[in-house]
Protein chains: 2
Amino acid sequence: MATGRTHRPATRSRGIPEATVARLPLYLRALTALSERSVPTVSSEELAAAAGVNSAKLRKDFSYLGSYGTRGVGYDVEYLVYQISRELGLTQDWPVVIVGIGNLGAALANYGGFASRGFRVAALIDADPAMAGKPVAGIPVQHTDELEQIIGDNGVSIGVIATPAGAAQQVCDRLVAAGVTSILNFAPTVLTVPDGVDVRKVDLSIELQILAFHEQRKAGEETGQVGPEAMEGPEDTAPASPARPTATATDRKGPDGDVPAVMPA
Amino acid sequence: MATGRTHRPATRSRGIPEATVARLPLYLRALTALSERSVPTVSSEELAAAAGVNSAKLRKDFSYLGSYGTRGVGYDVEYLVYQISRELGLTQDWPVVIVGIGNLGAALANYGGFASRGFRVAALIDADPAMAGKPVAGIPVQHTDELEQIIGDNGVSIGVIATPAGAAQQVCDRLVAAGVTSILNFAPTVLTVPDGVDVRKVDLSIELQILAFHEQRKAGEETGQVGPEAMEGPEDTAPASPARPTATATDRKGPDGDVPAVMPA
DNA sequence: CGCTGTGAAGGTGTTCACAGCG
DNA sequence: CGCTGTGAACACCTTCACAGCG
């Protein structure tokens, strides 16, 4: 079964590395800020600092686009803004639909930096009939029934899913069937899509959990410990820790201890 | 100048790879779903499908945690839920503050899967005095003036920034000074933080731009082209394309063409 | 001389393929 | 016999360090 693949395996010899693509928007934002302050040129060092990356990485990234700098000087801000915009496809504009106009969907609809760079909210779609017609961010909400129609009429190829998790796959399927080939998913579900459709996910609770992991590690370091597994001590200090399914007495396979204490304070 | 570093350089020999950490929440979610359906065990193949990754990767990921499976059978669901929760630090709960209660902040406050797994919204903070006292998601909003007090009293170590971009760095500095060491940033800015503070960012427009890049590439492939730079044609078809800063006549350094046509239709 | 652009080296992450245990 | 756990190969990404151009 095809689990929602996100990127094709970097075919095409002259492809820009995925990691680089992911940073181009960052550079673009920094450059736009410079442009607004009428700064004419910028060095890799300065721009890298503004974008929060190191300068070698930035230079290598730009080298995939071409030789757009001037040695001994730096990069022409306007020129680079144009080149990156073009590379990202922001010189055309992309109609986008947002499906699921709850708290989050409304927040997205109101998000300014949205329309600013190449993206246009073509429609807001919600399953709740009571929402239909109500304007959010100046755009009237339309009912899910009209989804296919809207996608078709507006030539939408990018969809944003901000529905509850339970509805996400179904909405996704309809979007894809109607012709959408790129999806930004805010629902906490794994979406399954056919080949050729890109999915990116944004997931609050995943991000928080990653932070918690590092946070916990820091706390451990302070007291001279490595992590949750580093504390050796009397067994079963942890609350309701499930026993191993069929554990023999000598069965201790975890990297350090099986059932570590999770310090309450 | 220290640009906001996010991870320490993978010190500590028995560290779990960052990429693995980032997937643990995914596994956890899939396992939780299985647990709710009272599924007792699961194979790497099944679980991988549910989490949207391949099974070899999943097995390797789990191998960093320890040998928690049973050969010929699979993994005990409950046991694995516990082990991953523990590894992620979700067996303790983390008080979190959300700063900036606009559309997005409200959406985050209302987000359910939040409280469910180890995270507790300790406070909502906003700079607008008119918001003070108003309850959002059942929690009264407090004014920014009280930020330090709130952090201290509640022992908050994780902060979520959902303010406008302009306020983000300032809020960040105050959070960090008050003792927060992990930040989830929704504002479209690069945050600079001292060493030892983790920042993760969630950025809608970056995600959209990445999708646009791939989308454009797809469109190019359909018509037998690679990307924006592949179209050879009469110069200056593109609107307002800035000329190269100090270009000599033979100056053509881009990978294919300097000023490509961006097809309007 | 200063800065870009880039080979080369070193890391990190992924995938393969199979040994080995239950 | 089936499935986990893992060495080894591979692919990708980052960083270094410096050649070379303006």
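Here is how names work: the chains are called A, B, and so on, in the same order as the sequence lines, proteins then strands, and each is numbered from 1.
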Pair [X], [Y]: side-chain N/O donor-acceptor within cut-off below 3.5 Å:
X: A:D61; Y: A:S63; result: no
X: B:D76; Y: B:T41; result: no
X: B:R59; Y: B:S44; result: yes
X: A:D198; Y: A:S182; result: no
X: B:Q169; Y: B:T189; result: no

Show the distances under 3.5 angstrom between N or O atoms of the protein and N or O atoms of nucleotides 1-3 of chain C.
{"unit_1": "C:dC3", "atom_1": "O4'", "unit_2": "A:G72", "atom_2": "N", "d": "3.3"}

Spacing between [X] atom [atom1] and [N] atom [atom2], to the nearest angstrom:
X: A:L58; N: D:dC16; atom1: CG; atom2: C1'; answer: 16 Å
X: A:D61; N: D:dC12; atom1: CG; atom2: P; answer: 16 Å
X: A:L65; N: C:dG5; atom1: CG; atom2: P; answer: 10 Å
X: A:E45; N: D:dA17; atom1: CD; atom2: P; answer: 15 Å
X: A:I16; N: D:dC13; atom1: CD1; atom2: C1'; answer: 15 Å

Checklist outcome for this item: Stems for DNA chain D (at least 3 consecutive Watson-Crick or G-U pairs, under 3.5 Å) come to C:1-22 with D:1-22
Checklist entry - Under 4.0 Å between a side-chain N or O of B:N54 and OP1 or OP2 of C:dT14? => result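 Answer is no, no contact under 4.0 Å.
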Checklist entry - Quick one: is B:K57 getting a side-chain N or O under 4.0 Å of the C:dT14 phosphate, OP1 or OP2? => result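 Looking at the OP1 and OP2 atoms of C:dT14, one of them is under 4.0 Å from a side-chain N or O of B:K57.
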Checklist entry - Quick one: does B:Q216's side chain have a donor or acceptor within less than 3.5 Å of a partner on A:E87's backbone? => result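 Checked: pair present.
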Next on the checklist: Tell me whether A:K201 contacts the main-chain N or O of A:F186 through its side chain, where contact means a donor paired with an acceptor under 3.5 Å.
Outcome noted: no
Checklist entry - Which listed nucleotide (D:dG5, D:dC13, C:dT6) is nearest to the side chain of A:E18? => result D:dC13
Item to check | Minimum heavy-atom distance between A:A168 and A:A187, given as atom pair plus value | outcome: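 Between these two residues, the closest heavy atoms are CB-CB, 3.6 Å.
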Next on the checklist: Pick the closest DNA chain D nucleotide for A:A56 and for B:K60 by heavy atoms, then say which residue is nearer the 5' end.
Outcome noted: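 Nearest nucleotide further toward 5': that of B:K60.
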Item to check | From CA spacing to verdict: side chain to side chain donor-acceptor pair (under 3.5 Å), A:E78, A:Y82 | outcome: CA-CA 6 Å; A:E78 293 302 325; A:Y82 173 73; over 6 Å; no
